[in-house]
Structures are given as C-alpha cells and as structure tokens.
Amino acid sequence: MEIKNIESKWQKKWEESKLFEVEKNEKPKFYVLEMFPYPSGSGLHVGHAFNYTIGDTIARFKLMNGFNVLHPMGYDSFGLPAENAAIKEGTHPDKYTQKSIKNFILQQKRLGLTFDWSRMVITSTPEFYKWDQWIFCEMYKKGLAYRKKSPINWCPKCNTVLANEQVQNGKCWRHEDTSVEIKHLTQWYFKTTQYAEELNNQEKIQEWPELVKKLQKNWIGKSYGSEVVFKINDEDWKVFTTRPDTLMGVTFLVISAQHTRLMDLVTKENKDKVEKFVQKLTSVSEEEIDQLEKEGIFTGSYAVHPITGEQVPVFAGNFVLADYGCGMVMAVPAHDQRDFEFAKKYNIPMKVVITANGKQNIEEPKMAYTDAGVLVNSGKFDGLDNIKAKEEITKELEKINKGNKTVNFKLRDWLISRQRYWGTPIPIIYCERCGEVLDENLPITLPMDVKFGEGNPLTTSESFVNVKCPKCNSDAKRETDTMDTFVNSSWYNLRYADANNSNEIFDKDKVNYWNPIDLYIGGKEHACMHLIYVRFYTKFLRDLGLLNFDEPAIKMFNQGMIQGADGNKMSKSKGNTVDVTEIIDRCGSDALRMYLVSVAGPESDFNWNDRGLDSIAKFLNKVQDYFEKVKVGNSQAKKDHKVHSTLKDVTVLIEKMRFNLAIIKLRELFDYFGEEESKENLEIFVKMLSPFCPHLAEEFWEKLGNKEFVSNASWPKVIESKINSEFDFEDKYVASIKSDIESVKNLVKIEKITSLKLIIAHKWKYDLYSMLKESLAEVSNPAEIIPRIMNSELKQYGQEIMKIVPKIVKTKTVPDFVSRDKEENILKQLNLDCKVEIIFAEDSQEAKAKNAMPGKPSILIK
RNA sequence: GCGAGGGUGGCAGAGCUGGUCAAAUGCGCAGGACUUAAGAUCCUGUCUCUUAGUGAGUUCGAGGGUUCGAAUCCCUUCCCUCGCACCA
C-alpha cells in the first residue's frame, strides 16, 4: 500500500476510536504540551512540525508505558498579524483566523499526532476570552490590574504600545527595523511586580533549562540596596542605591529626564533650558539614546545630604531610568564610572571615599574605583571595610530616619493595553458620574461593525463604545484598548483540563488533576515573555484558590531551531523554506517525523537537508519491504540478545529525549534482522518504532496479526537474562575473520577460494598475564582492573598494561566461542562456501609460531 | 562590556561520569556485486605510513598543565553563536 494511504488509514482509525481523548482515570497522569501556535495564514512550517514531533514522540512513549497522557492543542489566534492580513485582504480578522485555523488543523492531523482534539481551545472565541476578562476582573478587584500614566514604548508600525518584554534592542519584537518611540500615555497594567520575589525564586522550576532560568533571573533583576532620603526644597526625595557605602562621596544627584515630577525640582531660571533638554530627548529614538553620551542639565535645586548636611546640586540626566528604583540616583563620581564621566563633563567635584588600602591617594583618579576597599574621608565610618560600611551606614540612616535597607527589581509591571482591534476587550466602562467601572457582564464581545484603517478600529463601533453605566445607568463609554495577546497564552495550559466548561473558568478538580504540565516544549525565545507571564498567572490563580500548585510546568524543554539548507534562518524572502505538506506528500509524515528527530539532539539547531530526509525515507521503505516478506519463525538466543539489549538502550534514550541515538539503535537492530524472525522480536521492534513512525508501526503491527492498536500497546519489558554480551564478541570475531579473509583474498589475488585453514589461538598467554592473573581472575571489563593495578607496584606499567589487558580479557572470552567443541558453530557462523579447516593452537609457543593471535586467527588460503 | 553555549574526520552529528577511541551513525566519495542500462538494493573501503591479518605515527580550534593514560579534567588564548546591554 502506498504510504499516503497507510497514513490516512490509521489517522482515520485513531480518530474513530477516540484513542487519544482522555479523562481522569486510575493511571498516573502525564501532561505533555507544546506551545500552541499562532495560526498564520501561511500554515505550518517545519519548526512547528519539529515542535509537535518532539512532544508526540514522548506522548506516545508515555502512553505505551502506562500513563494517562494528556496532549492537547489549541490556537493563539488573537494578534496583530491577523488584523493586518485581514486589512490587506479586505476580510474580517475573524474570518481570516478561522480559515487559518482550519488549515492548521488539516496539516497537523496529517502528522499523525496524539492530540486530544475534543479539548481544543481557540483564544479569539468569546468562550475563551470571556475567562481572560474574568481573570482581569479578579485582578482588578485585588488591585493587580490598574491604570496609570507613564512613559511607554510605542511601535509606529504596530500602531500600538508594547510591553517592556516586547522591546528588543530598542526595536519592536515584530519589526526588527522599527525603532520604538517613547510616549506618555495612560495605560492598563498588570502588577507582575507583586510576585517579583516569587518569580525570582526558581526552586520549583529546577527542571527548566538553565538558559531560561538565567534569562529570567536577569530580567527580574533582583538587587539589594538601600533607599536614602535627600531633602530638596524642604521635601523628601528618595534615592535607591546598591552602594550605601559610598554615601559620603555623593557630590550631586541626578533625576531622570523622564521623571513625572521633574518640573517640581526645576527653578524658574532653569525652566527653559531644562524643557529644551527634555524635548530633545523625547524626539530621539530609544536606539539612539543607547549611543548617546551621558548628558544632563542643572535643575537649579540643591539637595541636602542626609548625614553631612552638605548641599549638592541636582541634575536632570538622560542616563537615569524613570521607572527603575526611584527615578533618581545619588552620584558618586569617584566610585561609579557613569557618574565619573558625568562629573568630568560638567566639572563637578569628586570625593574619594574608598581606597584599596584605606590610605588617601594623592593622585587624581583616571577612572572610577569600583572594587572593594576601605573607607576614607567618611567621618566616623573611616577605616571600615566597605562591605561592613554598607550595613553601618544604612543602620545610621535608619537611626536618623533618613533611609532603610531595601530590595529592588528590574522587573516592571506588565503593560497590557493595546490600541488594536483583534484582542480581548478590557471589561471597563468610563462613566461620567461613577468614573472607572468594572463591567462584569461577560463576555464583552468584539463588535463586528468596525472600520479598519486609521487608529484603533474599536473606536469606530458605536454599539461598542456607547454604553450605559452598569452602576447608575447613565451614559458611559467603553474602554477601547484591548489586551496584549500574551494574556491569552498565560493560562491556556490550564483551560485544556476543562476546555468546554461554560460555567466557570475550569473545574478545580480537573485542573489540579492534570496540572502542572509534566513536559512543556517550546522555543527559548519566550524565556522573558510568555514564560514569565504564565508563571505570574499561575501564582495569581493559585492565590485565588483555584490551583494547588505554584509553577505551570515541572519540566520545560527548548527545542532547537531549524535553519534552511543554506544555514540561514528560514524565510520566504530567502527562498529556503520547506513546505511541510509537500514533504508529507512526497515521503510521508512518518519519514518527516523520524527525520526531524534523527538529525541531531532535539535541543540543538540544525540545517534542513533533503538528503537526510531521503535517507530516512529509504530506510522506512526498506522496513516496509521487509515486513512484506519476513517469515515468522522461532527465536534464537543471539537475536533475542540483540533485541533486548537494543530495547534496553532505546528505552533509556527516549526517556532522556535522545531520539537521534535511539533511532541509530533501531537502524542497527534492523540491519541485524534476517529473513526469519520470531514474532516476539518483530513485535518488540515494531513497538519501538511506534513513537517515531506511528502509522507504519500500526501497519506492521496489523500484519503481524494484532487486532488492537500498537499505539496503545504496552511498551516491551527488557528481559535481562536474554542479554549476553558474549554474542557481541562472537559477532565481532566472525566479522573480523571474514574481513581478514577478504583482504587476504584480494592481496593474493585468488578469485575463488577452494580451501582455507584457520589457526586459532584460544589459550594465548602474554608474559604479563601471569603477573596480572590474580587481578584478572573475575574481571571481564578492562576498566575494572585499573584501580587494582594502580594500587599495586605495577602502576608504572599502566599504559603498557592497558594495551594488553583488552587482549587478555579477550582470551578469557575466546574459549567460550572459539574452542574445539564450538568448531561447528564457528563454521556455521562464518558461512563460507569453501572447505574450511580449523586448527587449534593450544599454547602460546605454538600459536606464536603460526602467527595466530587471540581474536585473530592465522589464515592460510589454497 | 557582562552573561551563557559551542569549536570533533569532506559534511551533518555522537562521544565529554578520563582507559576496548583513529573516534558511533548518517550523508558524501571510491571500488565491487546485481542490471542491457540507470535507479534501487547489497558488499567493501574512506587520517598517514606500513603489514596478507598487523603494527606504527599524527589527530578532536591553538598553547600549556594534571595523570601511568585526555576529544573527555584544569589554566591561558583565538574564533563562532546567542541573550542582556547606561538597572544606580
């Protein structure tokens, strides 16, 4: 049967049997999840196929190992591309999205995945986003969803604001060529910082990739320091510092030029200059700011040093971030490189307060001294080690009520407002009388009567915008911002547990039965976006009492990237993309799946290679041919050995997700099979094949006379007693004799050998043998004797011994196979079509004389 | 600049809890078998020298070190990839 027909045959059978539709049962559960896709119009790419194949291989393996496996799929279908594509094609984003999803499902089904389609979620349906809105309401009530005005990142191409996480190198995450602008707007935020401390704690995500954990740590950026109060114009202003030990060296303060209260500090005389300065800054893009020199301008105000009472000038600066710490820093030019440069530029004095040895330096410093040292010029703190001084100075500040110890995070609250149509509407109404009112009549559905074009399309829908206040029934306007699409993907993993529940977000028992995810598979590019948000949501929903776990996934796995054959990132413009459907049409999805996991380890990047795919396709062809012809016969000890030792390896390798190595083992085993094999061994082989090429495996399984699915069969048990490494030796021995005969034949240039003499040394002894005899007595692996030798006076012979030991060990093994009473066995194994005479050399002299070595018989040809 | 990961044979990619490693496997290449021929399939070879089998030498970015012994451990250095880039 043609591969295409085989595949559709089994896909149909699986679907009809509802094999992969699961419910809670008494088996241990295993929840494997691949990050759901954004259903783009161009359909599945190989990266998707790779992603699902990895998950599916594990899902199938776990299923066969007796787990109740949940493996769902859904679509992250809100988002800008759909809106833009719809505008371009003149359709509605909803139509466009539905079409794309249909296409995706079709393509995914052809991969033969174990998805439980009954649990599909689509985020752009009101059935789903109703619960996004519900969560928003809960957050709002708890003060975790709030509105504030602040400088934000604006992408002029997306025509919307972006979260900090969505700004990469000053560019929009969707538009590599578009610089992000800074605007001041009132926007909705989720208070992710509420969980900063817990997000920073990685105790319960130990099985996540180190890389992801590092990136998150970095992003969350916890740092310990102190808050110090400076009095400016009779008002207290706080400053955050990680170096309170340098407090006595402060010679000026710098407030962020973006600071909302900057103008409060600016004196009349300086107003014009400062305003000009600020204006200049906002007109440049963030990217340019990166390269900008440290610049500032005097505000006209002076701050009072909390300890010395000295007056230091306050500057506004372009290098101070408005929303980190307090938006204002104390500058210690002698001990901070930025401050140093700034002070040099504006001729501000410096004050050295730390030196390496605690003595005053006379020389003018050429750069800031940032290393550890001892305090000088610091009054009563002089002579203190700077680490100790951090504590002492902070204590002093606490005593005089001018500061305290504190912790700061780089993590900011998550800006979720988007000025676009195709997202979850925010359930808020602005009433003239009541102000901001939460609208809990969910779902608040997206209106269809909108015009796309300039600005936010939602504002064009009268029916949507103009509403009555739910509180007082007077005229009100609806919020027209929608939520960032990362909101939807922050909890979809939970909805799978109870995807069709219309009464509540999910059933508590169900969600806690399936979750947390046992294995979550996706790209590492989500480390600081989706993977932080989903952790945040998990914690929030836990605190609502809905979840009894703290982290979304126990284990996270990042698959590699597939580049084009030319080594570049796949892209249409480069013309190096691979069409999944076309590949499946040509080679079948089994070949595609197996190829994807056979090239390299699933975590490493690799280049697509058609030849590699062909090689797998050829292999599967051969296997298919083989199952057409194979005769089912009796078992042989040697084959059993091979099958079970392969099984043992493959089981471990799949468990460790070393699929490429497992496939090599399978290929080796297949090469080993002959015209006749025992049913049992063939079945084990088919079962091992099943996670990698499920369709063909089912076909073979059926051919072997089985009525049930192999997909649902139990993974074979390794029978240790069948594993006997002597068979491996036997094979090597026979193979080497055969190859020796070949080469001798070639050199002697004899076409047809009529008779052959093999002189076999089966009791060959080396001189060292007697010395080592005792050590070797019960050892079969050379590595095992090393420790013993290293403890004896033989140590100096280490290298020599290591050369000989394997041979000696071999001689211990040789007699079992190569001995007089096995003569017939040897002949049978050699299977030569000429007369073969075997002569045994009993002792070393005789063997030596005849040039025979253990494991290498002397060959005489006639 | 900081942080992470990596550099293995013509290529891809194993090996990296030190010893049976001249290094799995696949691709490529060469030779052979089969075939009218091609494809497919099968066999053999594929670092260098040498021997019939065998042995010897030089290899795992470069240079040192530890060790009886290193692709594997340590140090230095070069190169590549990817993250963060003014976080006070």
Side-chain angles (χ1 to χ4, degrees), chain A residues 168-170 209-215 217-219 221-223 225 239-243 246 253-254 256 289-294 317-321 323-332 335-339 341-342 408-412 524-525 527-528 561 595 598-601 604-607 609-612 614-616 618-619 621-622 625 658 660-661 663-665 667-668 729 732 736-748 781-786 789-790 794-803 805-807 809-810 851-853 856-861:
Chain A
Q168 284 154 9
N169 296 325
E210 285 307 314
L211 178 71
V212 169
K213 289 193 280 181
K214 278 254 161 59
L215 288 173
K217 264 247 141 75
N218 239 333
W219 186 259
K222 182 178 182 178
S223 59
V239 152
F240 173 73
T241 180
T242 53
R243 295 292 306 271
T246 63
L253 300 190
V254 187
S256 168
I289 286 176
D290 266 1
Q291 288 137 28
L292 228 55
E293 241 189 277
K294 279 147 207 49
N318 65 353
F319 66 98
V320 178
L321 303 172
D323 52 0
Y324 178 73
C326 310
M328 179 147 70
V329 297
M330 56 178 231
V332 188
H335 304 289
D336 181 286
Q337 192 55 31
R338 286 159 308 176
D339 299 348
E341 284 165 30
F342 193 88
N408 230 305
F409 293 94
K410 282 199 225 175
L411 184 76
R412 317 291 153 80
K524 47 184 163 279
E525 67 276 11
C528 293
M561 279 253 288
Y595 167 67
S598 71
V599 188
S604 42
D605 301 346
F606 69 95
N607 297 352
N609 180 344
D610 278 319
R611 283 221 177 93
D614 289 344
S615 151
I616 291 288
K618 272 186 208 167
F619 168 70
N621 266 335
K622 272 192 274 179
D625 287 347
R658 314 280 267 131
N660 51 334
L661 302 183
I663 288 168
I664 288 171
K665 292 280 174 199
R667 293 182 74 144
E668 278 173 355
F729 166 76
K732 274 188 203 158
S736 96
I737 293 179
K738 276 187 171 174
S739 105
D740 288 352
I741 292 170
E742 273 311 303
S743 44
V744 173
K745 205 170 102 181
N746 283 341
L747 282 152
V748 181
N781 181 353
E784 289 172 30
I785 71 156
I786 301 304
I789 291 174
M790 289 345 280
L794 289 171
K795 187 174 171 178
Q796 54 183 314
Y797 299 111
Q799 200 170 5
E800 282 303 294
I801 289 168
M802 274 320 294
K803 272 186 196 159
V805 163
K807 290 171 189 167
V809 171
K810 215 177 264 175
N851 213 8
M853 308 265 280
K856 278 282 174 195
S858 169
I859 299 164
L860 300 173
I861 291 181

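Below, read A as the first sequence line, B as the second, and so on, with proteins coming before strands; counting in each chain starts at 1.
Side-chain atoms of A/Tyr324 never come within 3.5 Å of backbone atoms of A/Asn408 as a donor-acceptor pair (strictly under, hydrogens ignored). The backbone N or O of A/Gly225 sits nowhere less than 3.5 Å from a side-chain atom of A/Thr242 that would complete a donor-acceptor pair. In this structure, A/Asp339 contributes its side chain and A/Val332 its backbone to a donor-acceptor pair below 3.5 Å.
Pair assignment for B/rA70: none, as no Watson-Crick or G-U wobble contacts are both less than 3.5 Å. Pairing for B/rC21 is absent, judged as Watson-Crick or G-U wobble with the two contacts each under 3.5 Å. Summarising the base pairing, B/rC29 is matched to B/rG45 through a Watson-Crick or G-U wobble pair whose two defining distances lie under 3.5 Å. In this structure B/rG39 sits in no base pair that meets the Watson-Crick or G-U test at under 3.5 Å. Nucleotide B/rC87 is matched to nothing when pairs are restricted to Watson-Crick or G-U wobble geometry with both distances under 3.5 angstrom. Nucleotide B/rG5: paired with B/rC80 (Watson-Crick or G-U wobble, both distances less than 3.5 Å).
B/rA71 and B/rC2 are spaced 32 Å apart, taking the P atom of each and rounding to whole Å. Rounded to a whole angstrom, the distance from the P atom of B/rG45 to that of B/rG64 is 36 Å. Here the separation of B/rA30 from B/rU20, taken at their P atoms, is 33 Å to the nearest Å. With both ends at atom P, the span from B/rU59 to B/rU48 equals 16 Å, rounded to whole Å. Across B/rA52 and B/rU8, the matching C1' atoms stand 33 Å from one another, rounded to whole Å. Taking atom C1' on both B/rC29 and B/rG10, the two are 8 Å apart, rounded to the nearest angstrom. For the P atoms, the distance linking B/rA14 with B/rU66 amounts to 32 Å, nearest Å. Going from the P atom of B/rG5 to that of B/rC73 covers 13 Å, rounded to whole Å.
Taking 4.0 angstrom as the limit, A/Lys213 places none of its side-chain polar atoms (N or O) nearer than this to OP1 or OP2 of B/rA4. The phosphate of B/rC87 has OP1 or OP2 within less than 4.0 Å of a side-chain N or O from A/Arg338.
The residue among A/Lys622 and A/Thr241 whose nearest nucleotide of RNA chain B is located toward the 5' end is A/Lys622. Where A/Lys524 and A/Gly325 each meet RNA chain B at their nearest nucleotide, the meeting point lying more 5' is that of A/Lys524.
When rounded to the nearest whole Å, the span between CD1 of A/Ile663 and C1' of B/rA12 equals 15 Å. Taking atom CG on A/Asp605 and atom C1' on B/rA12, their separation rounds to 13 Å, with Å as the unit. When the P atom of B/rC27 is taken as reference, atom OH of A/Tyr595 falls 12 Å away, rounded to whole Å. Across the protein-nucleic acid pair, A/Lys222 atom NZ and B/rA88 atom P stand 14 Å apart, rounded to whole Å. Atom CG in A/Leu211 sits about 8 Å away from atom C1' in B/rC82, given to the nearest Å. In this entry the distance linking CZ of A/Arg667 with C1' of B/rU25 reads 8 Å, nearest Å. The CG atom of A/Asp625 sits 10 Å away from the P atom of B/rC42 (whole-angstrom rounding). For the pair A/Leu215 CG and B/rG83 P, the computed distance is 9 Å after rounding to whole Å.
When distances run from any side-chain atom of A/Leu661 to the nucleotides B/rA4, B/rC87, B/rA14, the shortest one goes to B/rA14. For A/Asn660, the listed nucleotide lying nearest its side chain is B/rA14; candidates were B/rG26, B/rC87, B/rA14. Nearest nucleotide to the A/Lys618 side chain, out of B/rC86, B/rA4, B/rA40: B/rA40. Distances from the side chain of A/Phe240 to the nucleotides B/rA88, B/rG3, B/rG28 place B/rA88 closest. The A/Lys214 side chain lies nearest to B/rG3 when the options are B/rG3, B/rA12, B/rA88. Distance from the side chain of A/Trp219 is smallest to B/rA85 among B/rA4, B/rG26, B/rA85. Listed nucleotides B/rU25, B/rG13, B/rC27 differ in distance to A/Ile664; the shortest reach to its side chain belongs to B/rU25. In this structure, the nucleotide among B/rA85, B/rA88, B/rC87 sitting nearest to the side chain of A/Lys410 is B/rC87.
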| request: Start with the C-alpha distance between A/Glu210 and A/Lys213, add both sets of side-chain angles, then the distance that settles salt bridge (charged side-chain N to carboxylate O under 4.0 Å, His left out), and finish with yes or no. | output: CA-CA 5 Å; A/Glu210 285 307 314; A/Lys213 289 193 280 181; 3.2 Å; yes

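Residue contacts shown for A/Asn621 are absent, as no nucleic acid heavy atom lies under 4.0 Å away. Across all strands shown, A/Glu525 has no heavy atoms under 4.0 Å from either base or sugar-phosphate atoms. Counting any heavy atom pair closer than 4.0 Å across all strands shown, A/Val254 reaches no nucleic acid atom. Among the protein residues, A/Gly225 comes within range of no part of the nucleic acid, since none of its heavy atoms lies under 4.0 Å from any strand.
Within a 6.0 Å sphere centred on NZ of A/Lys665, other residues, nucleotides and ligands contribute 12 heavy atoms or fewer.
At a cut-off of 3.5 angstrom, the base of B/rC87 holds at least one donor-acceptor pair with the side chain of A/Arg412.
By the 4.5 Å heavy-atom criterion applied to side chains, A/Arg412 and A/Leu321 are counted as neighbours. Under the 4.5 Å side-chain criterion, counting only non-hydrogen atoms from C-beta, A/Arg667 is in contact with A/Ile616.
Note on ring orientation: taking the six-membered ring where Trp is involved, the planes of A/Phe319 and A/Phe342 are tilted (angle from 30° to 60°).
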